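Source: prediction; values computed, not measured.
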Amino acid sequence: MLSAFVTGLAGTELTVREAAVLRDAAPCGIILFARNVSDPEQVRRLTAAAREAVGDDILVLIDQEGGRVRRLTPPHWRELPPAAAYGVLYAEDAEGARRSAWAASRLLAQDLRAVGINTNCTPVLDVPVPGSHDIIGNRAYGTGVGQVVALARAVAEGHIAGGVLPVIKHMPGHGRATEDSHLALPLVKANRAELERTDFAAFRALADMPVAMTAHVVFEAIDPDHPASTSVRVTRDIMRTWIGFDGLLISDDLGMKALSGGMAERAAAVIAAGSDIALVCSGEIADTEAVAGAVPRLDGLSQARFARAGAVLRQHGAFDVAEAEAHLQRALHAVA
C-alpha cells in the first residue's frame, strides 16, 4: 500500500540509497525539479527507475506552468508562455484565448507523458490584488475571477484530455498574500465575504478538478492561528465545504519557511488538517525518511480520491498537433 506523501529526488539519476528508501517508504509519488532534468532520455530513465522502485501507480509530478515557473526548458522542450499571455489574448478574443490555452496544454501533456510525467502542478487559480507579492504575478491568468476561471479550466481540461493530471493551486487562494510563502508566512486580512466573492470563488468554480494543492497562507477571518495547509477549519469549512472540493488534496512544499517545526511535525500537521498527501520537495534523504515516518498509508477516502484521480491517466485522445503548435505560438507572441 502506498504512503500519503510525495517526495523530491536529489539529482538526475536514482541513487541506490534513494531506490531503497522509495521501496521501503512507498510514497504515492515523486516530484521533479530542474536539478532532476538534463534531457528527455535521462528523464525517462529517472521516472522509470522510480516506478520500478515503488510501482507503476505512482504520480510523477512537475511544475511546468510556463514562463518563469518551468523545469523542462529549451532546447530539449518547447518554450511555454506565462499564464498572463493567455490573459492578453482573452482581452481581445475570449473564446480564442480559451482555445489557445487548451491546445497548448494538450501539447504539453503529450510532452510530459513522453518522459514518464503524469501530473503537472498547474493551473494557478490565484487572483492577484494591488499590493500583493509578485510571487504570483504573471503566473495568474488575470485579475478578474471570471477570466481566471475560464482560462484555468481550459488549461486543466487540456491536460486531462492528454492523460495528465492538472493540480489546481494554491487553494483557497494565494493572490492576496503580501509575502512569498517560500520565505515567510503570509497573512491575509480580508473578511470572509470578500474572500468568498473573489479568492475562494475561483476554486469553487473548478471544484470538480481531480487534484488541488493547498496554500501556506493564514486567512485571519477563518483561522488566525494556522496557515490554510495546517488548519482543520480552513480545510473542512472552506476547501471541503464552501468550495466543495472532494478531490485529492496535496499540501504545498513542507520545506517552505511559512511553516514551522521539524519536517515530521509539518507532515503530520498537514495530514491532520485534512490533506490527503504531504509534499516534501528538498530531495534530501533525511527529509524523505522523516516524512515517511509521520504520514499514514493511503486508505479510506484518501485512497478513493487517489484512485479517482488516477482514472484521468488512462485518457489519451488524438488531437491536431499542428493546430496546437499554432495556438502555442500565438500565446508566445502575445508576450513577446
Side-chain angles (χ1 to χ4, degrees), residues 62-74 77-112 117 119-130 132-171 173-176 198-199 201-213 312 319-336:
I62 199 165
D63 289 285
Q64 191 72 1
E65 297 174 16
R68 59 191 161 102
V69 179
R70 57 184 181 165
R71 318 304 183 201
L72 309 177
T73 58
W77 288 276
R78 292 179 178 85
E79 187 68 66
L80 296 170
Y86 300 109
V88 172
L89 296 178
Y90 192 90
E92 304 167 357
D93 175 8
E95 181 55 34
R98 286 192 292 268
R99 287 198 301 272
S100 291
W102 185 96
S105 299
R106 178 63 185 84
L107 196 62
L108 173 56
Q110 175 176 271
D111 293 345
L112 295 178
I117 298 166
T119 306
N120 192 9
C121 299
T122 194
V124 169
L125 270 65
D126 305 318
V127 183
V129 299
S132 60
H133 194 282
D134 192 47
I135 187 61
I136 299 302
N138 68 357
R139 298 167 66 192
Y141 295 97
T143 56
V145 173
Q147 178 172 320
V148 169
V149 166
L151 292 172
R153 179 170 288 281
V155 167
E157 291 180 347
H159 279 81
I160 290 170
V164 170
L165 280 166
V167 180
I168 59 173
K169 61 185 188 185
H170 305 83
M171 189 183 286
H174 205 299
R176 292 179 184 274
T198 54
D199 305 57
F203 288 92
R204 192 176 197 178
L206 272 80
D208 58 318
M209 287 295 119
V211 190
M213 178 179 287
V312 168
F319 73 112
D320 188 325
V321 175
E323 181 182 355
E325 289 275 16
H327 277 293
L328 174 59
Q329 291 305 312
R330 181 170 176 244
L332 286 167
H333 291 154
V335 290

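At least one donor-acceptor pair closer than 3.5 Å links the side chain of N120 to the backbone N or O of Q64. Under a 3.5 Å cut-off, the side chain of R330 and the backbone N or O of G96 do form a donor-acceptor pair. Checked by atom type and distance alone, the side chain of D126 never pairs as donor or acceptor with a backbone atom of A140 at under 3.5 Å. Counting only distance, with no hydrogens or angles, the side chain of E157 and the backbone of W102 share no donor-acceptor pair below 3.5 Å.
Listed here is the closest heavy atom pair of A156 and P166: O-CG, 3.7 Å. Between G142 and P128, the shortest heavy-atom contact is O-CD, 3.4 Å. Nearest heavy-atom pair, A324 versus F319, reported as atom, atom and distance to 0.1 Å: CB-CE1, 3.8 Å. Of all heavy-atom pairs between A154 and A101, the closest is CB-CB, 4.0 Å. Across V145 and A201, no two heavy atoms sit closer than the pair CG1-CB, 4.2 Å. When all heavy atoms are compared, the tightest approach of P210 to I160 is CD-CD1, 4.2 Å.
Taking the side chain as every heavy atom from C-beta outward, Y86 and R98 never approach each other to under 4.5 Å. L72 places a side-chain heavy atom less than 4.5 Å from the side chain of I117. Contact of the M209 side chain with the R153 side chain is registered, since non-hydrogen atoms from C-beta on lie closer than 4.5 Å. Side-chain contact between L328 and P81 is present, with heavy atoms from C-beta onward closer than 4.5 Å. The shortest distance between side-chain heavy atoms of L107 and H327 does not fall below 4.5 Å. The side-chain heavy atoms of R68 and N138, taken from C-beta on, include a pair separated by under 4.5 Å.
Within the model, atoms CH2 of W77 and CG of L108 stand 12.0 Å from one another, a figure rounded to the nearest 0.5 Å. With values rounded to the nearest 0.5 angstrom, R71 atom CZ is found 7.5 Å from I62 atom CD1. Note that SG of C121 is 12.0 Å distant from CD1 of I168, once rounded to the nearest 0.5 Å. We find the CG-NE2 distance between L125 and H174 to be 14.0 Å, quoted to the nearest 0.5 Å. Separating the CD atom in Q110 from the OG atom in S105 is a distance of 13.0 Å, to the nearest 0.5 Å. Distance check, rounded to the nearest 0.5 Å: CG of L80 to CZ of R70 gives 7.5 Å.
Checked for salt-bridge contact, K169 and D63 meet the test: a charged N lies under 4.0 Å from a carboxylate O.
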